[in-house]
Protein chains: 2
Amino acid sequence: MKTTQSAPKKDVRVTIKTVAEHAGVSVPTVSKVLRNAYGVSAKARSRVLASIDQLQYRPSASARGMRGQTYTIGIVMPDVRNPFFPTILEGVEAVLAETPYVTLTGIVGKPGKVVSIVNAMLDRQMDGIIMIGQRLPPEEMKLVASALPTVIVAHHEPDALTFDTVNNDDLRGGQLAADHLLQQGYKNPVMVTITRQDIVRMDVDQLRVEGYRRALAAAGISVPRVVASADMLDDVTATIRHLLEGEDPPDALFGWADYYALEILSAVRALGYRVPEDVGIIGYDNSDPCSYTQNDLTSIDQSGQEIGRRAAQLLLERIGGRTEAVHVVTEPKVVGRGSTGRIPPLDEAAASNGAEFGSPQAI
Amino acid sequence: MKTTQSAPKKDVRVTIKTVAEHAGVSVPTVSKVLRNAYGVSAKARSRVLASIDQLQYRPSASARGMRGQTYTIGIVMPDVRNPFFPTILEGVEAVLAETPYVTLTGIVGKPGKVVSIVNAMLDRQMDGIIMIGQRLPPEEMKLVASALPTVIVAHHEPDALTFDTVNNDDLRGGQLAADHLLQQGYKNPVMVTITRQDIVRMDVDQLRVEGYRRALAAAGISVPRVVASADMLDDVTATIRHLLEGEDPPDALFGWADYYALEILSAVRALGYRVPEDVGIIGYDNSDPCSYTQNDLTSIDQSGQEIGRRAAQLLLERIGGRTEAVHVVTEPKVVGRGSTGRIPPLDEAAASNGAEFGSPQAI
DNA sequence: CGATATCTGGATAACGTTATCCAAAATCGA
DNA sequence: TCGATTTTGGATAACGTTATCCAGATATCG
């Protein structure tokens, strides 16, 4: 046994070296065990594992990062206020739970911070990135995706070669929303979407607008109306007031996302209009608050869980070596609730669970 | 000028060495500039900074982690659904924006994952941790706090020596809620709090309960009622149904937190009761959704922004070397809205902004 | 049974940064 | 002007891990 003089170990930090000495093997051998690498006998492996367990050893991600992987996946989230995002995260975690990977989330408060967050993730040698509803300018994006495996959620770019995307079929979702409103008897809907400084043509909101427009045009409404507003309650309220008290007031409103539709709902009620009798409202995402009685919001479901799972799977595949791009699109569906019900089904059992509608019409 | 033979640089990666060569100085000198360390002339410094800028150099956090700091602060968040947390994060970011520190958030989905997230942060050599509404078992906590600077938000432990805490005065907040309900004419309130497997005596929910109990007892209500329920809509609804359809139904409900009170609101309305006429509802946190017309929820404000700022400041101080513990407590206040208004002030200007009430009574 | 292939374990050299020194240069004080 | 002090810049040695070898041991095959 190779017992060194046992110098006065000044620090108690357990490193791979401590483990190696304890197990009576070399440092590289322990490393191989840690990485499930080839070249260790079952006997040696179990001895090492025992030592690791006994010494409570945990490898340093910093040191690992200098040569190999950090087993860290970065998630970039635009904000924490959108109630749809948690569901995506759940899906991601469900897949990653079985793996040695850990996720750390960068929360983009102010727009423009995306770059610095992504850079921070690069600096920290993360093994991959999942970006939710965010995209960098094309040049930066290319740089990032070439630097590490990247999956983007909620941004359509089916021709992208260097990264994967996972999306709901937002064009179709927009159509479903429009068709549902018409089907419920509304004649004069307006879609309310978000104003953004960094409009990217293929972002989800744009596609929902496009789907909405096509469906209404197909139904004979020549000039489908769409307005934009910042996503703060005050701005939304001002916009809605302008619409409802202006000329040709709409009888239905389509909010581009749930958290947004909830603000619309607030504004409509604040102005004294009844939902759904005076104004019908439909959102997008079918997030948790939709089913609260006070909201009772019809919405387009896009299964965040599945989107999250697919994103995580794709990222693992990329980390595993895949280089061809994969672009996943999931199917949306309408979940009807009181906000488009004309007669509010407050006392029906269906109220809290929502009722599914079939797809009214293909493109 | 010390120009090496310029070997076929096989990789384009810009390291501290590249910068040093480019600026014509040694590697340690560049390092000093990066850390604002003593021992570099203004001239050398500016030359190095120019090179950094020109080469677009970014230091590797992994390499840094092996010797010095990683300039990374870990935030541990219980979940992303509570609308109060984003406000805390805003406060934290506001302080950290001026510094070289980056925050990465670990989102604890399932309870019990806290340990693995904190471990992941330790493994990644983070410089400090802010834990929100979470705490490890005392032994683990001691270990973590001795390993790196730690600040805990939303957990009271004024005697803790190894970490700082930032809290609202939840005892007082509980009293304010109770007093407000009485003041509005409600006679028979019930507090609805959350069931937890890991009840810690000094956690915020417990203190709110205690404050609520004391205030009611002081007002002559001998046995203040408190019930607990899991924080899922279905469970809350069942609990509320049980209360309102049972013996001695309450005329007011105090939800331990806003996101919870919103579920209570949903349940109460689903059962056909009017708010605030039949049942008054008050929450805690004064988060964004409170001001939505459909919620119009009275709540106890605890200024998440300030809590976040203080937490970040304390952590920076600890990273800077402070070792004595500091425990900050902020003052709560009532923000009255329609849900406890008896007459819902839907058309008043006060509806969306809420009206502040003075502190009804000291302890 | 000898030659060859496979398996196992370790020696060695990075990875990119910072901490700790130390020597030379510049500044200061009398 | 000369020694004493301060400032500056760099040489050197880590930090904890993994990748790339290579040699010895073991298994396989004709």
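Note on naming: letters A, B, ... go to the chains in the order of the sequence lines (proteins, then strands), and numbering restarts at 1 for each one.
One atom, CD of B/E21, and another, P of D/dG10, lie 13 Å apart when rounded to the nearest Å. Protein atom CD of B/Q69 is 19 Å distant from nucleotide atom P of D/dC15, rounded to whole Å. Taking atom CD1 of B/I16 as the reference point, atom P of C/dG16 lies 11 Å away to the nearest angstrom. The separation between B/K32 atom NZ and C/dT18 atom P is 12 Å, rounded to whole Å. Atom CZ in A/R35 sits about 10 Å away from atom P in D/dT20, given to the nearest Å.
For B/P28, the side-chain atoms get nearest to D/dA11 when compared with the rest of D/dT18, D/dA11, C/dG16.
Between B/R67 and C/dA19, a side-chain N or O to OP1/OP2 separation shorter than 4.0 Å is absent. The phosphate of C/dT18 (OP1 or OP2) has a side-chain N or O of B/S31 nearer than 4.0 angstrom.
For the segment residues 40-54 of chain B, no residue has any heavy atom less than 4.0 angstrom from an atom of DNA chain C.
Each of B/A63 and B/S26 lies near DNA chain D, and the nucleotide nearest B/S26 is the one positioned closer to the 5' end. Ranked by how close their nearest DNA chain C nucleotide is to the 5' end, A/Y38 and A/T29 are led by A/Y38.
B/V153 places a side-chain heavy atom less than 4.5 Å from the side chain of B/I130.
Among the protein residues, B/V27 comes within range of the nucleic acid bases, having at least one heavy atom under 4.0 Å from a base atom.
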